Amino acid sequence: QVQLRESGGGSVQAGGSLRLSCGASGYTNTAKCVGWFRQVPGKEREGIAGIYTGDDENITYYADSVKGRFTISQDNSENTVHLQMNSLKPEDTAMYSCAAAVELGRRCNWWDEYEDWGQGTQVSVLS
């Protein structure tokens, strides 16, 4: 049974940084898309970053809202994907979740096609 587990959420002052981690287990194939999403109550879920873990080419995708501030990376030895979030803004406050998809190939920005989800971790940015 596949499982994704997030860690690293919390509260931070505006301008600060946090690093989220997504640990994956139960996958027989290391080649997959892993994405980070966020959702604020009353709003649609937003795909913000995705990475293909099947090779070392570091194929990544970012939403415009986080480009230049957030960095997604993989640690294959740990089966973990990180999201480094810098220059955080109050509008980044949300529940952050990671998700995975094994059928997308390298199309990791096909946000609606992710299948497996973690429970989420709350990020609060204080003004």
Side-chain angles (χ1 to χ4, degrees):
Q1 181 178 354
V2 300
Q3 188 173 27
L4 298 169
R5 180 164 295 181
E6 303 93 340
S7 61
S11 297
V12 65
Q13 293 288 332
S17 299
L18 282 174
R19 189 174 84 153
L20 305 182
S21 297
C22 175
S25 61
Y27 289 93
T28 57
N29 189 346
T30 58
K32 58 186 173 292
C33 287
V34 177
W36 282 98
F37 297 74
R38 65 186 183 186
Q39 189 168 22
V40 175
K43 293 189 176 181
E44 288 193 2
R45 183 170 59 205
E46 178 188 19
I48 58 172
I51 188 168
Y52 178 66
T53 65
D55 53 36
D56 294 330
E57 294 187 22
N58 200 40
I59 297 172
T60 57
Y61 301 88
Y62 296 96
D64 289 342
S65 58
V66 305
K67 197 172 294 183
R69 299 188 298 124
F70 291 11
T71 302
I72 189 170
S73 62
Q74 60 176 317
D75 182 346
N76 283 339
S77 65
E78 299 278 341
N79 290 324
T80 301
V81 169
H82 303 289
L83 184 68
Q84 178 66 42
M85 305 186 296
N86 298 329
S87 302
L88 283 161
K89 306 174 182 179
E91 52 263 43
D92 293 319
T93 295
M95 179 67 74
Y96 284 68
S97 301
C98 68
V102 298
E103 301 293 339
L104 292 181
R106 296 176 178 180
R107 298 179 294 271
C108 301
N109 57 343
W110 286 24
W111 309 118
D112 292 338
E113 302 300 323
Y114 280 74
E115 302 164 320
D116 306 318
W117 292 86
Q119 293 296 310
T121 185
Q122 179 68 35
V123 171
S124 299
V125 184
L126 310 175
S127 58

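Treat the numbers as computed from the prediction; the structure is a model and nothing was measured. Residue indices begin at 1 and follow the sequence shown. We use all heavy atoms of the structure for the numbers below, so side chains are in, but hydrogens, waters and symmetry mates are not.
To the nearest 0.5 angstrom, T71 atom OG1 is 11.5 Å from R19 atom CZ. Annotation: the span from I72 atom CD1 to N58 atom CG amounts to 9.5 Å, rounded to 0.5 Å. Between N29 atom CG and T53 atom OG1 the span is 8.0 Å, to the nearest 0.5 Å. Atom SG in C22 sits 5.0 Å away from atom CH2 in W36 (nearest 0.5 Å). Annotation: the span from I51 atom CD1 to N109 atom CG amounts to 13.0 Å, rounded to 0.5 Å.
By the neighbour-count criterion of 12 heavy atoms within 6.0 Å, atom CH2 of W111 is densely surrounded, having more than that number from other residues, nucleotides or ligands. Around atom CG of D56, no more than 12 heavy atoms belonging to other residues, nucleotides or ligands sit under 6.0 Å away.
Considering all non-hydrogen atoms of both residues, I48 and S65 come closest at CG2-OG, 4.5 Å. Across S127 and A14, no two heavy atoms sit closer than the pair CA-CB, 4.4 Å. Closest approach of G26 to V2, counting heavy atoms only: O-CG1, 3.6 Å.
With hydrophobic clusters built from ILVMFWY side chains whose heavy atoms lie under 4.5 angstrom apart, V123 shares a cluster with V81. In terms of hydrophobic clustering, with Ile, Leu, Val, Met, Phe, Trp and Tyr side chains grouped at heavy-atom distances under 4.5 Å, L20 and F37 are assigned to different clusters. Cluster membership for L126 and V12, using ILVMFWY side-chain heavy atoms within less than 4.5 angstrom, is not shared. Using a 4.5 Å cut-off between side-chain heavy atoms of Ile, Leu, Val, Met, Phe, Trp and Tyr, with links allowed through other members, M85 and V40 fall into different hydrophobic clusters. Linking Ile, Leu, Val, Met, Phe, Trp and Tyr whenever their side-chain heavy atoms come within less than 4.5 Å leaves V102 and I59 in two separate clusters.
In this view, R107 satisfies the salt bridge (Lys or Arg N to Asp or Glu O under 4.0 Å) rule with no residue, not counting sequence neighbours.
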Distance-only check: which donor-acceptor pairs under 3.5 Å involve side-chain atoms of residues 86-99, not counting sequence neighbours?
| from | atom 1 | to | atom 2 | distance (Å) |
| --- | --- | --- | --- | --- |
| N86 | OD1 | S17 | OG | 2.9 |
| N86 | OD1 | Q84 | NE2 | 2.9 |
| D92 | OD1 | R38 | NH1 | 2.8 |
| D92 | OD1 | R69 | NH2 | 3.0 |
| D92 | OD2 | R69 | NH1 | 2.7 |
| D92 | OD2 | R69 | NH2 | 3.4 |
| D92 | OD2 | K89 | N | 2.8 |
| T93 | OG1 | P90 | O | 3.0 |
| T93 | OG1 | V125 | N | 2.8 |
| T93 | OG1 | V125 | O | 3.4 |
| Y96 | OH | R38 | NH1 | 3.0 |
| Y96 | OH | D92 | O | 2.6 |

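Applying the ring-ring contact (aromatic ring centres under 6.0 Å, His included) rule to pairs touching residues 56-79 yields nothing, sequence neighbours excluded.
For the pair K32 and Y27, the cation sits on the ring face: its NZ or CZ lies under 6.0 Å from the ring centre, inside 45° of the axis.
Between V34 and Y52 there is no side-chain heavy-atom pair separated by less than 4.5 Å.
A side-chain donor from one of H82 and S21 sits under 3.5 Å from a side-chain acceptor of the other.
Using modelled atom types, no side-chain atom of S124 and backbone atom of S11 make a donor-acceptor pair closer than 3.5 Å. When atom types are taken as modelled, the side chain of E6 and the backbone of Q119 share a donor-acceptor pair closer than 3.5 angstrom.
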